[in-house]
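A short worksheet on the structure shown next.
All of these numbers come straight from a predicted model, not from anything done at the bench. Chain letters run A, B, ... following the sequence lines, proteins first and then strands; every chain starts at 1.
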Amino acid sequence: MNSILIADDDKLSRRLLQTTLEKAGYQVVAVEDGASAARLLCKPNGPRLALLDWVMPGMDGPSVVRAVRSQREHPYIHIILLTSKQSKEDIIAGLDSGADDYLTKPFHPPELRARLRSGERILMLEEKLVEARETMRFKATHDSLTGLWNRAVIMEILDREITRASRDHSKGVTVILGDVDHFKKVNDNHGHAAGDAVLREVARRMNSAVRSYDAVSRYGGEEFLVVLANCSTQLAVPRAEHIRGLIETRPFDTPSGPLNISMSLGIAGTDDWPGLTGEPLIREADVALYRAKESGRNCAFVARPNGLEPAVPERQKKGPIPA
Amino acid sequence: MTNPLVSTIDWQELLARVENDADLAREILSIFQSDAPSYREALRHAVETQNAEEVRKAAHAFKGMLANLSANSASQMAAQLEQLGKTAKTAEMAAAWRDFEDELLRVLRDTEHLLAGASE
């Protein structure tokens, strides 16, 4: 926070500023022309405070300010113009260029420090606002219980991936829709705290089962949707089985003690369903999921255009796990 | 370091403005001492060639430096020259330059006195 850029073509003035600011604890970067100042201020992680001489050969102070302000998506920089100009018109022009403040030369050190403190307050306020915005952005895109993407975001991701797949001739996009078996019983028999613990742990286990470029979301109450990019239906089947195995493999720790949990899954991929957008593709996966529930739960079904087929042939299948 | 011979630089004001950092005050005096000749040449040349824009620029630079030194009278004279450059009153520039140069020489002499006094 306490790094500051000073730009002044007058060596004497630069020395005065630099020494005064260093004594006040600032880390000073001193340059002697406007172009260098603009370059350093536009760099990411550059100084957030700047003192610019108004009159400099080449790029003057207000031009530097305009260059800095034209940078979008850049953290705010508090800029003070140094001037021996005293006319109201000049001062208005300087502030209108985007400068935050001005100081007349020769400067008075206590005033300079006070104006910098005022600038730092503004920067701190900006940081707080950015932080709050990021928190809001996270909340708007994630499920608060599990921290997974929420439904609105996963739909965007899915549609984007489908569009990309059709453009890039990839293996396609496959969705896996998973539903926790007998979740209502968990809530009814063990309480909502246990139910929440189960959902969080399901989220954790599912997240651990996917690649960094796949997306996992909480789609509904106890429904989870996985979007596998560049993944054929054929390749998605063992992935769904892997998820199913991770859920059933060991008991879930809950405030009501360990619980055995299983998941039923439905799979549908764009290689089988060319031309489908996100929602209809999920509907196909949902039909397969329904079939998995029907056939005893704790299993996965694939939605093919010519019918539903189990992920694992009948004879290898395990029985359901009671909740 | 008060020197009765020094009349153009308000040493006490300068010292107060650098918050009694005498080393810093001396440092800027010596920067002025080494930089002034080239600025002086630039201004002289601009006046002789009646280049109003260059007079404005060079006088502006002097105005700032001299104000920082608390050479207040010289700084005001530089401001007048800057104004003449700005309004392109070339006829009045030569006389204003002569007055300014005289004052500038006194400032340079005082700078020397102050820097010499420092080493005593």
Side-chain angles (χ1 to χ4, degrees), chain A residues 6-26 28 30-34 51-63 80-91 93-94 102-117, chain B residues 9-10 13-40 42-43 46 53-72 74-83 85-87 107-108 111 115:
Chain A
I6 57 179
D8 197 326
D9 59 316
D10 173 7
K11 186 180 172 192
L12 194 157
S13 173
R14 215 160 55 231
R15 187 85 209 109
L16 266 177
L17 281 169
Q18 178 152 9
T19 306
T20 305
L21 293 169
E22 279 171 353
K23 278 195 217 159
Y26 290 95
V28 179
V31 297
E32 51 190 286
D33 64 282
L51 270 172
L52 308 176
D53 189 23
W54 192 303
V55 181
M56 286 184 282
M59 223 174 164
D60 65 5
S63 307
I80 303 175
L81 286 174
L82 278 166
T83 175
S84 51
K85 294 178 175 242
Q86 308 263 353
S87 88
K88 291 248 186 312
E89 288 77 13
D90 287 332
I91 286 161
Y102 71 93
L103 199 60
T104 49
K105 291 206 284 191
F107 69 90
H108 180 232
E111 183 184 356
L112 171 63
R113 289 191 293 267
R115 288 188 188 267
L116 289 173
R117 283 195 297 273
Chain B
I9 297 174
D10 188 336
E13 184 192 292
L14 170 57
L15 212 51
R17 203 153 34 70
V18 294
E19 302 183 301
N20 296 309
D21 184 342
D23 285 342
L24 178 58
R26 281 191 289 272
E27 195 187 341
I28 64 167
L29 282 171
S30 52
I31 291 174
F32 176 72
Q33 199 175 38
S34 56
D35 283 5
S38 61
Y39 281 97
R40 181 183 167 191
L43 184 52
E53 177 59 13
E54 289 303 316
V55 167
R56 185 188 64 75
K57 282 188 196 166
H60 176 86
F62 261 126
K63 179 183 74 174
M65 279 191 288
L66 291 162
N68 272 326
L69 288 185
S70 291
N72 296 320
S75 177
Q76 276 165 26
M77 294 167 89
Q80 281 159 16
L81 255 175
E82 182 188 7
Q83 198 55 34
K86 203 173 180 176
T87 50
V107 174
L108 282 166
T111 302
L115 288 171

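Between B/F32 and B/L108, the closest heavy-atom pair is CE2-CD2, 3.7 Å. Closest approach of B/I28 to B/L14, counting heavy atoms only: CD1-CD1, 3.8 Å. A pairwise comparison of heavy atoms in B/V18 and B/A25 identifies CG2-CB, 4.1 Å as the closest pair.
Under the side chain to side chain contact (heavy atoms under 4.5 Å, CB included) criterion, B/A58 pairs with B/L43, not counting sequence neighbours.
Within the 4.5 angstrom heavy-atom criterion, only side-chain atoms of B/L24, from C-beta onward, approach chain A. Of the atoms belonging to A/P57, not a single heavy atom falls under 4.5 Å from chain B.
Proximity of A/L112 to A/L21: side-chain heavy atoms (C-beta onward) are separated by under 4.5 Å at one or more points. Residues A/I80 and A/L116 are in side-chain contact: their nearest non-hydrogen atoms beyond the backbone lie under 4.5 Å apart.
Rounded to the nearest 0.5 angstrom, A/F107 CZ and A/L16 CG are separated by 5.0 Å.
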I'd like a table of the N/O donor-acceptor pairs between chain A and chain B - cut-off under 3.5 Å, distance only.
| residue | atom | partner | partner atom | Å |
| --- | --- | --- | --- | --- |
| A/R15 | NE | B/E27 | OE1 | 3.2 |
| A/R15 | NE | B/E27 | OE2 | 2.3 |
| A/K23 | NZ | B/D21 | OD2 | 2.6 |
| A/S84 | OG | B/K63 | NZ | 3.4 |
| A/R113 | NH1 | B/E19 | OE1 | 3.0 |
| A/R113 | NH1 | B/E19 | OE2 | 3.4 |
| A/R113 | NH2 | B/E19 | OE2 | 2.6 |

